[in-house]
Amino acid sequence: MRISFSIIMEVSDINLTFDYKAITKFELKIKQYVHDFIHNSKYEGKSRSFKIPPSGVQVSDDFGVVKNGVTTSYAEGASITLTCVASGGKPLAKVSWCQSDGELVTDETQYFPDRRKSQSVLKIDKLLRSHLLAVYSCEASNTKLQPPLKVRVAIDMYLRPLEVTLVGNNPEFSAGKKYNITCRCRGSRPPAIITWWK
């Protein structure tokens, strides 16, 4: 979807030229912007332009689009790449990644004018246990007059067991008698499947 328009204003004359390639949900808002500008601005022969906010933000991981705000499950020690794509907007939005505490991770943005998209990539080379359900926020904005579009994503992970122990008093075994031995495992996610081998 694309919307392009220009507004030329002079002291004695106002000439508005619109070139619509698609009708979008921004149509009414744009008309309101134009109306407010015409009736409330002092022209003084100046040319002015309006900024159109991005229409949406979408996050993908290495396996596809992130759904319900949680990534695909990654193994401990694996790498992860999160790509945040902002659609639409004039000019194209600047995209950034922040941690849950608001600390900026990266605001390096790639722009694709032909597709009317911009994106930022967050890559973590090695996932640690501390990354389990860590939340990162993607923000897209092209103006300070409106709050940025924001999407939050939590990282899901598989965790290896930290410890496996045999529970009991370690009695001396005697032939012909039965004994119960309990094996316990902790630190895994999801809970580990325990099997016994001779």
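When a residue number appears, it is its place in the shown sequence, counting from 1. Model, not experiment: these values are computed from the prediction.
Side chain to side chain, Asp61 and Thr72 meet the donor-acceptor criterion of an N or O pair below 3.5 Å.
With values rounded to the nearest 0.5 angstrom, His131 atom NE2 is found 12.0 Å from Leu133 atom CG. Expressed to the nearest 0.5 Å, how far NZ of Lys123 lies from CG of Leu82 amounts to 11.5 Å. With rounding to the nearest 0.5 Å, the separation of CG in Leu159 from OG in Ser188 is 8.0 Å. If you take OG on Ser96 and CG on Leu122, they are separated by 11.0 Å, rounding to the nearest 0.5 Å. One finds the CD atom of Glu108 at 7.0 Å from the OG atom of Ser120 (value rounded to the nearest 0.5 Å). Atom CZ of Phe112 and atom CD of Gln110 lie 4.5 Å apart (nearest 0.5 Å).
Checked for salt-bridge contact, Asp156 and Arg189 meet the test: a charged N lies under 4.0 Å from a carboxylate O.
Cluster annotation: Val59 and Val121 are assigned to distinct hydrophobic clusters (Ile/Leu/Val/Met/Phe/Trp/Tyr, side-chain heavy-atom contacts under 4.5 Å, transitive). Ile80 and Val105 fall within a single hydrophobic cluster, where Ile, Leu, Val, Met, Phe, Trp and Tyr side chains are chained together by heavy-atom contacts under 4.5 Å. By the criterion of side-chain heavy atoms lying less than 4.5 angstrom apart, applied directly or through intervening Ile, Leu, Val, Met, Phe, Trp or Tyr residues, Ile155 is grouped together with Phe63 in one hydrophobic cluster. Cluster annotation: Val85 is not connected to Tyr136 through the hydrophobic network of ILVMFWY side chains, with a link wherever side-chain heavy atoms come within less than 4.5 Å.
In this structure the side chain of Gln58 never reaches within 4.5 angstrom of the side chain of Val151, judged on heavy atoms. Within the 4.5 Å cutoff, no side-chain heavy atoms of Trp97 are placed close to those of Glu139. Between Gln119 and Val95 the shortest side-chain heavy-atom distance does not fall below 4.5 Å. Between Leu104 and Thr106 there is no side-chain heavy-atom pair separated by less than 4.5 Å. Asp62 places a side-chain heavy atom less than 4.5 Å from the side chain of Tyr74. Between Ile124 and Lys126 the shortest side-chain heavy-atom distance does not fall below 4.5 Å. With contacts defined as side-chain heavy-atom distances shorter than 4.5 Å, the pair Pro190/Tyr158 qualifies. With a 4.5 Å cut-off on side-chain heavy atoms, Val153 and Thr71 count as touching.
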> Going through the checks in order, is the side-chain hydrogen bond (donor to acceptor under 3.5 Å, both in side chains) test met by Lys117 and Ser87?
Replying inline: CA-CA 5 Å; Lys117 295 179 183 295; Ser87 302; 3.1 Å; yes
> When you look at Arg184 and Glu163, which way does the side-chain contact (heavy atoms from CB on, under 4.5 Å) test go after all the steps?
Replying inline: CA-CA 8 Å; Arg184 288 183 179 173; Glu163 183 181 37; over 6 Å; no
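Counting non-hydrogen atoms of other residues, nucleotides and ligands closer than 6.0 Å to CG of Leu162 gives a total above 12. Annotation: Asp101, atom CG; neighbour count of heavy atoms from other residues, nucleotides and ligands within 6.0 Å is above 12. By the 6.0 Å contact criterion, CH2 on Trp197 is open, its count of non-hydrogen atoms from other residues, nucleotides or ligands being 12 or less. Within 6.0 Å of CZ in Arg129 there are more than 12 heavy atoms belonging to other residues, nucleotides or ligands.
When all heavy atoms of Lys51 and Thr143 are compared, the pair lying nearest together is CD-CB, 4.0 Å. When all heavy atoms of Ala93 and Tyr111 are compared, the closest pair comes out as O-CE2, 3.4 Å. Between Leu149 and Ser55 the shortest heavy-atom distance is CD1-C, 4.1 Å. Here the shortest heavy-atom pairing between Val164 and Cys183 reads CG1-SG, 3.5 Å. Taking each heavy atom of Val135 and Ala154 in turn, the nearest pair found is CG2-CB, 4.2 Å.
Judged by distance alone, the side chain of Thr109 and the main-chain N or O of Asp107 form a donor-acceptor pair under 3.5 Å.
Residue pairs satisfying the disulfide bond (SG atoms under 2.5 Å apart) criterion with at least one member in residues 107-164, sequence neighbours excluded, are listed as follows: Cys84-Cys138.
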